[in-house]
Amino acid sequence: MLRRVLLSVFMVVVLGRGTALQYSSDMCNWKGSGLTHESHKKDVEQVYLRCSEGSVEWLYPTGALIINLRPNTLTSAHKHLTVCIKPLKDSKGANIYLEKTGELKLLIKDEDSNPNRVHCFGIGQGGLFIEATPQQDISRKITGFQYELISQRTLSDLHTVSDPCRPCGDTEVLLAVCISDFVVRGTIRAVTNEVEQHESIIDVSVDKLYKQKNKIFFPNKESGGWDGHIRTPLECGVKAGFGDFLFTGRMHFGEPRLGCAPRYRDFQRIYQEAKQKGLNPCEISTD
């Protein structure tokens, strides 16, 4: 309670006198430096970003920032947005909180930011309050992260970023086929575990390429198919093995992330049952 009162007073006093500093911003990305702060001041800078994705980079952090993430157009769908942030490598120098009506909830602790861990929250839960931690030497400190705004109604998006190891239900599989950035039929050729990054890289050999939004899978002249890599958390325990899978997923922070990936024979059953009932959200060849 004391923390909430102190924050409210701090924000009223500082914001009431206005922000004196200007930083580079293009409505999607923001970059600023704490070296321009006067040592006796603790400015709170208000930053407004209007894109569905971008980045924040705060060099030599001092004082505090409030990051307001809002889409260009406010509609009824605005309240259904999920915000996901991913710390930049070696991000340090500040704590990142969720802030709403002066109350803080710690999201990422200083120097405890795994660059491969994604933190997600509903846009109605508050804005981002970034507070510099006391430092003897700020010359090597940079706090930064990438962000994305995702529709909560997109089940495969939420599955990919919030609970990636949970097997998809039948409805999620059918929807993933329609809205994923990539959909392929193939096998797992190998899995490389990056322990320090808490990631597994799945080497996929593709027999049939249904769609890909970005160049993830490339032609293999020898096999006549395609090859590519998909990322998933190490904790999911993915292993190489026999059998065909239907791999779906989305691009998150510039990388292909595994979404729903049922065995292909299970997908055929799910698809045909839904087709007979007229419940397929879209059509795809299952030959």
Side-chain angles (χ1 to χ4, degrees), residues 84 116 118 148 150-194 197-287:
C84 291
N116 288 293
V118 176
E148 290 183 343
I150 302 170
S151 172
Q152 291 179 352
R153 292 172 177 171
T154 305
L155 296 180
S156 66
D157 271 343
L158 288 182
H159 176 272
T160 301
V161 298
S162 64
D163 196 5
C165 301
R166 175 180 59 82
C168 290
D170 291 358
T171 301
E172 289 175 310
V173 169
L174 293 171
L175 187 58
V177 169
C178 304
I179 62 177
S180 291
D181 291 335
F182 62 87
V183 180
V184 300
R185 174 186 176 181
T187 57
I188 300 176
R189 186 162 54 188
V191 177
T192 302
N193 293 324
E194 296 185 342
Q197 303 299 325
H198 303 282
E199 292 269 299
S200 291
I201 302 175
I202 308 170
D203 183 358
V204 177
S205 178
V206 175
D207 298 320
K208 187 161 186 177
L209 177 65
Y210 292 100
K211 66 174 178 178
Q212 61 174 338
K213 185 178 179 180
N214 301 75
K215 292 184 178 180
I216 303 167
F217 305 98
F218 296 88
N220 183 322
K221 295 181 179 179
E222 294 183 4
S223 67
W226 295 262
D227 295 330
H229 298 89
I230 307 172
R231 289 183 173 269
T232 196
L234 179 65
E235 64 192 76
C236 294
V238 176
K239 299 183 182 299
F242 297 101
D244 285 357
F245 294 84
L246 186 77
F247 297 99
T248 71
R250 306 280 284 190
M251 296 297 295
H252 285 290
F253 302 108
E255 297 177 340
R257 310 293 305 187
L258 184 64
C260 297
R263 287 193 175 272
Y264 190 72
R265 64 172 182 269
D266 292 332
F267 166 68
Q268 286 179 304
R269 173 186 55 78
I270 294 169
Y271 183 86
Q272 291 302 326
E273 289 178 356
K275 186 175 181 179
Q276 291 172 6
K277 298 176 182 178
L279 298 177
N280 279 357
C282 64
E283 294 188 3
I284 188 173
S285 172
T286 58
D287 295 337

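Heavy-atom basis, side chains included; hydrogens, waters and symmetry copies ignored.
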Legend entry - Nearest-0.5 Å distance, CZ of residue Arg189 to NE2 of residue His229: 7.0 Å
Inset, instruction - Compare every heavy atom of Gln212 with every heavy atom of Leu209, then report the nearest pair and how far apart it is. - result: CD2-NE2, 3.6 Å
Legend entry - CZ on Phe267 to CG on Leu174, rounded to 0.5 Å: 7.0 Å
Inset, instruction - May I ask you to test the Asp203-Thr192 pair for a side-chain heavy-atom distance under 4.5 Å? - result: no
Legend entry - Expected output: side-chain Tyr210 to main-chain Leu246 donor-acceptor under 3.5 Å: no
Legend entry - Heavy-atom donor-acceptor pair, Asn220 side chain to Glu222 backbone, under 3.5 Å: yes
Legend entry - Phe218 side chain reached by Asp227 side chain, heavy atoms, under 4.5 Å: no
Legend entry - Lys211 side-chain N/O to Cys178 backbone N/O, donor-acceptor pair under 3.5 Å: yes
Legend entry - By side chain to side chain contact (heavy atoms under 4.5 Å, CB included) - contacts of Lys275 (at least two apart): Tyr271, Gln272, Asn280
Legend entry - Atom of Gly243, atom of Arg263 and distance for their closest heavy-atom approach: CA-NH1, 3.8 Å
Legend entry - Beyond-backbone contact of Val118 with Phe253, side-chain heavy atoms, under 4.5 angstrom: yes
Inset, instruction - State, yes or no, whether a side-chain contact exists between Ile230 and Phe217 at a heavy-atom distance under 4.5 Å. - result: yes
Inset, instruction - Quick one: closest heavy-atom pair of Gly249 and Ser180, and the distance? - result: O-CB, 3.3 Å
Legend entry - Residue list, salt bridge (Lys or Arg N to Asp or Glu O under 4.0 Å) with Asp244, at least two apart or on another chain: Arg185
Inset, instruction - Kindly determine whether Asp181 and Met251 satisfy side-chain contact (heavy atoms from CB on, under 4.5 Å), including the steps that lead there. - result: CA-CA 6 Å; Asp181 291 335; Met251 296 297 295; 3.6 Å; yes
Legend entry - Beyond-backbone contact of Glu194 with Ser200, side-chain heavy atoms, under 4.5 angstrom: no
Legend entry - Spacing of CD1 belonging to Ile202 relative to OG1 belonging to Thr187, to within rounding of 0.5 Å: 12.0 Å
Legend entry - Close side-chain approach of Ile201 to Asn193, heavy-atom, < 4.5 Å: no
Legend entry - Side chain to side chain, Arg265 and Arg269, heavy atoms closer than 4.5 Å: no
Inset, instruction - Rounded to the nearest 0.5 Å, what's the gap from CD1 on Ile270 to OG1 on Thr171? Could you check? - result: 9.0 Å
Inset, instruction - Locate the shortest heavy-atom distance separating Val191 from Ala240; write the atom from each residue and the value. - result: CG2-N, 3.7 Å
Legend entry - Check: Glu148/His252 side-chain N/O donor and acceptor closer than 3.5 Å: yes
Legend entry - Step-by-step side-chain contact (heavy atoms from CB on, under 4.5 Å) determination, Phe247 to Leu258: CA-CA 7 Å; Phe247 297 99; Leu258 184 64; 3.9 Å; yes
Inset, instruction - State, yes or no, whether a side-chain contact exists between Thr248 and Phe182 at a heavy-atom distance under 4.5 Å. - result: no
Legend entry - Point-to-point distance, once rounded to the nearest 0.5 Å, from OG1 of Thr286 to CD of Gln268: 5.5 Å
Legend entry - Spacing of Asp207 atom CG and Ser223 atom OG [to the nearest 0.5 Å]: 8.0 Å
